[in-house]
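Each remark here refers to the structure printed beneath this line.
Both ligands and their constituent atoms are indexed starting at 1 by order of listing.
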Amino acid sequence: MSDVSRPSPSEARTGNPAGTSAGTRTAVVIPAAGRGVRLGPGAPKALRALNGTPMLIHAVRAMAASRAVSLVVVVAPPDGAAEVKSLLDAHALPERTDFLVVPGGESRQESVRLGLDALPPDYDIVLVHDAARPLVPVDTVDAVIEAVRDGAPAVVPALPLADTVKEVDPAANPGEPEPVVATPRRARLRAVQTPQGFDRATLIRAHETVTDDVTDDAGMVEQLGLTVVVVPGHEEAFKVTRPLDLVLAEAVLARRRLNDGF
Ligand code: CTP
Ligand code: MG
């Protein structure tokens with residue numbers, strides 16, 4: 001159950017690179033309110049199962065795996081908050097981790113804002129993590145938190161690209177040839193993932209100030225004129241978007257089980 005007034009027991013813990021240090025508390029907002037149109041018909045994407053467990057539960061566990069994280073705010077499908085709440089009640093989280101569930105909005109941006117509105121005051125670092133990235137390793141989470149603690153107002157995990165990227169003049173109808181406008185140098189490009197980490201006040205200011213449509217929160221902080229830094233992402237932090245991604249996610253889980261000796 002959510003009990004946000006409970007002091008973080010992780011303050012007393014040691015031995016973790018991103019363990020709670022004096023004066024900083026970290027919360028994660030997980031936008032999980034999308035339908036998952038590109039995944040095809042079915043339940044909202046975050047509630048689809050991966051090896052029998054809802055994707056959202058994998059994502060919440062991935063965040064709770066970090067000792068620095070003491071609160072997870074799940075932004076549920078607008079009509080699914082009660083279902084999400086009972087799912088979270090049914091799947092154990094570490095004792096140090098509290099959770100809250102709020103209903104989401106029409107866009108990812110709106111869902112994140114609704115999650116931020118529900119944040120209790122005593123968290124000064126906020127991560128935003130897509131429910132659709134259920135398999136991000138804890139080392140990536142900790143690296144993001146550490147970079148925020150080191151003073152960056154906004155931090156994104158990202159990877160170099162495998163494909164060369166072309167900017168085009170998009171065609172009016174799908175399938176029509178599209179003229180290429182530019183070819184950015186691939187070595188300068190990064191594909192960004194989540195969790196993205198923020199100084200709380202900066203992220204809230206970005207959400208209050210920036211009204212353009214954006215696909216990531218760090219982009220809003222860039223629009224404030226602040227520097228966003230990139231730390232190394234991880235290939236297992238990929239976003240489950242299309243049906244083939246489900247196959248990949250289950251393969252990653254199967255490989256983990258093998259490596260864990262089951
Ligand atoms: N999201 C959200 N609220 C919305 C739309 C998206 O909380 N109104 C969340 C999704 O649940 C997901 C994350 O934002 O965890 C990233 O979005 P995306 O991968 O695009 O998921 P969907 O929007 O659900 O998928 P699609 O675009 O294919 O419909
Ligand atoms: Mg979407």
Side-chain angles (χ1 to χ4, degrees), residues 27-50 53-64 69 71-85 87-88 91 99-119 126-137 140-141 144 156-159 170 174 191-198 203-204 206-207 210-221 233-250 252:
V28 185
V29 173
I30 301 188
R35 289 231 42 93
V37 171
R38 288 169 288 179
L39 207 51
K45 179 160 74 178
L47 304 182
R48 306 270 193 114
L50 288 180
T53 302
M55 201 179 306
L56 171 64
I57 296 296
H58 288 283
V60 171
R61 285 180 175 157
M63 296 301 107
V69 170
L71 173 68
V72 175
V73 179
V74 176
V75 187
D79 55 357
E83 185 184 348
V84 164
K85 171 112 191 11
L87 265 181
L88 287 163
H91 291 84
F99 68 84
L100 288 171
V101 180
V102 297
E106 284 293 307
S107 64
R108 181 187 184 280
Q109 208 169 345
E110 192 186 345
S111 293
V112 171
R113 192 183 48 73
L114 290 165
L116 292 176
D117 287 348
L119 264 189
V126 179
L127 268 47
V128 180
H129 180 62
D130 293 330
R133 297 182 190 272
L135 304 181
V136 58
T140 307
V141 182
V144 168
V156 300
L159 290 176
V192 310
Q193 305 177 323
T194 72
Q196 301 189 349
F198 303 90
L203 181 61
I204 287 178
H207 273 265
V210 179
T211 50
D212 307 3
D213 242 10
V214 293
T215 52
D216 81 325
D217 300 276
M220 306 172 80
V221 173
H234 196 284
E235 61 179 355
E236 292 182 0
F238 68 94
K239 186 152 70 85
V240 174
T241 306
R242 298 179 189 86
L244 193 59
D245 299 322
L246 289 173
V247 179
L248 179 60
E250 294 203 327
V252 169

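Screening Leu127, Leu100, Val29, Val60 against Val72 for a side chain to side chain contact (heavy atoms under 4.5 Å, CB included) leaves a single residue, Val60.
Annotation for Glu250: atom CD counts as buried by contact number, over 12 foreign heavy atoms lying within 6.0 Å.
With contacts defined as side-chain heavy-atom distances shorter than 4.5 Å, the pair Val74/Phe99 does not qualify.
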Filter the ligand 1-protein atom pairs down to N or O on both sides and distance under 3.5 Å, then list them.
{"unit_1": "ligand 1", "atom_1": "1 (N)", "unit_2": "Gly34", "atom_2": "N", "d": "3.4"}
{"unit_1": "ligand 1", "atom_1": "3 (N)", "unit_2": "Ser111", "atom_2": "OG", "d": "2.7"}
{"unit_1": "ligand 1", "atom_1": "7 (O)", "unit_2": "Ala32", "atom_2": "N", "d": "3.3"}
{"unit_1": "ligand 1", "atom_1": "7 (O)", "unit_2": "Ala33", "atom_2": "N", "d": "2.9"}
{"unit_1": "ligand 1", "atom_1": "7 (O)", "unit_2": "Ser111", "atom_2": "OG", "d": "3.3"}
{"unit_1": "ligand 1", "atom_1": "8 (N)", "unit_2": "Gly105", "atom_2": "O", "d": "2.9"}
{"unit_1": "ligand 1", "atom_1": "8 (N)", "unit_2": "Glu106", "atom_2": "O", "d": "3.1"}
{"unit_1": "ligand 1", "atom_1": "8 (N)", "unit_2": "Ser107", "atom_2": "N", "d": "3.4"}
{"unit_1": "ligand 1", "atom_1": "8 (N)", "unit_2": "Ser107", "atom_2": "O", "d": "3.4"}
{"unit_1": "ligand 1", "atom_1": "11 (O)", "unit_2": "Ala33", "atom_2": "N", "d": "3.3"}
{"unit_1": "ligand 1", "atom_1": "11 (O)", "unit_2": "Gly34", "atom_2": "N", "d": "2.9"}
{"unit_1": "ligand 1", "atom_1": "15 (O)", "unit_2": "Pro31", "atom_2": "O", "d": "2.8"}
{"unit_1": "ligand 1", "atom_1": "15 (O)", "unit_2": "Ala131", "atom_2": "N", "d": "3.2"}
{"unit_1": "ligand 1", "atom_1": "15 (O)", "unit_2": "Ala132", "atom_2": "N", "d": "3.3"}
{"unit_1": "ligand 1", "atom_1": "19 (O)", "unit_2": "Lys45", "atom_2": "NZ", "d": "2.9"}
{"unit_1": "ligand 1", "atom_1": "19 (O)", "unit_2": "Lys239", "atom_2": "NZ", "d": "2.8"}
{"unit_1": "ligand 1", "atom_1": "20 (O)", "unit_2": "Arg38", "atom_2": "NH2", "d": "2.9"}
{"unit_1": "ligand 1", "atom_1": "21 (O)", "unit_2": "Lys45", "atom_2": "NZ", "d": "3.2"}
{"unit_1": "ligand 1", "atom_1": "24 (O)", "unit_2": "Arg35", "atom_2": "N", "d": "3.2"}
{"unit_1": "ligand 1", "atom_1": "24 (O)", "unit_2": "Gly36", "atom_2": "N", "d": "2.9"}
{"unit_1": "ligand 1", "atom_1": "27 (O)", "unit_2": "Arg38", "atom_2": "NE", "d": "3.4"}
{"unit_1": "ligand 1", "atom_1": "27 (O)", "unit_2": "Arg38", "atom_2": "NH2", "d": "2.9"}
{"unit_1": "ligand 1", "atom_1": "28 (O)", "unit_2": "Val37", "atom_2": "N", "d": "3.3"}
{"unit_1": "ligand 1", "atom_1": "28 (O)", "unit_2": "Arg38", "atom_2": "N", "d": "2.9"}
{"unit_1": "ligand 1", "atom_1": "28 (O)", "unit_2": "Arg38", "atom_2": "NE", "d": "2.9"}
{"unit_1": "ligand 1", "atom_1": "29 (O)", "unit_2": "Gly36", "atom_2": "N", "d": "3.3"}
{"unit_1": "ligand 1", "atom_1": "29 (O)", "unit_2": "Val37", "atom_2": "N", "d": "2.7"}

Walk me through whether Asp217 and Arg108 qualify under salt bridge (Lys or Arg N to Asp or Glu O under 4.0 Å).
CA-CA 10 Å; Asp217 300 276; Arg108 181 187 184 280; 2.8 Å; yes
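In this structure, the side chain of Glu236 does not engage the main chain of Pro137 through any donor-acceptor pair within 3.5 Å.
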Side-chain donor-acceptor pairs of residues 31-50 under 3.5 Å, sequence neighbours excluded:
{"unit_1": "Arg35", "atom_1": "NH2", "unit_2": "Gly42", "atom_2": "O", "d": "3.4"}
{"unit_1": "Lys45", "atom_1": "NZ", "unit_2": "Val240", "atom_2": "O", "d": "2.8"}
{"unit_1": "Arg48", "atom_1": "NE", "unit_2": "Ala43", "atom_2": "O", "d": "2.8"}
{"unit_1": "Arg48", "atom_1": "NH2", "unit_2": "Gly40", "atom_2": "O", "d": "2.7"}
{"unit_1": "Arg48", "atom_1": "NH2", "unit_2": "Pro41", "atom_2": "O", "d": "3.3"}

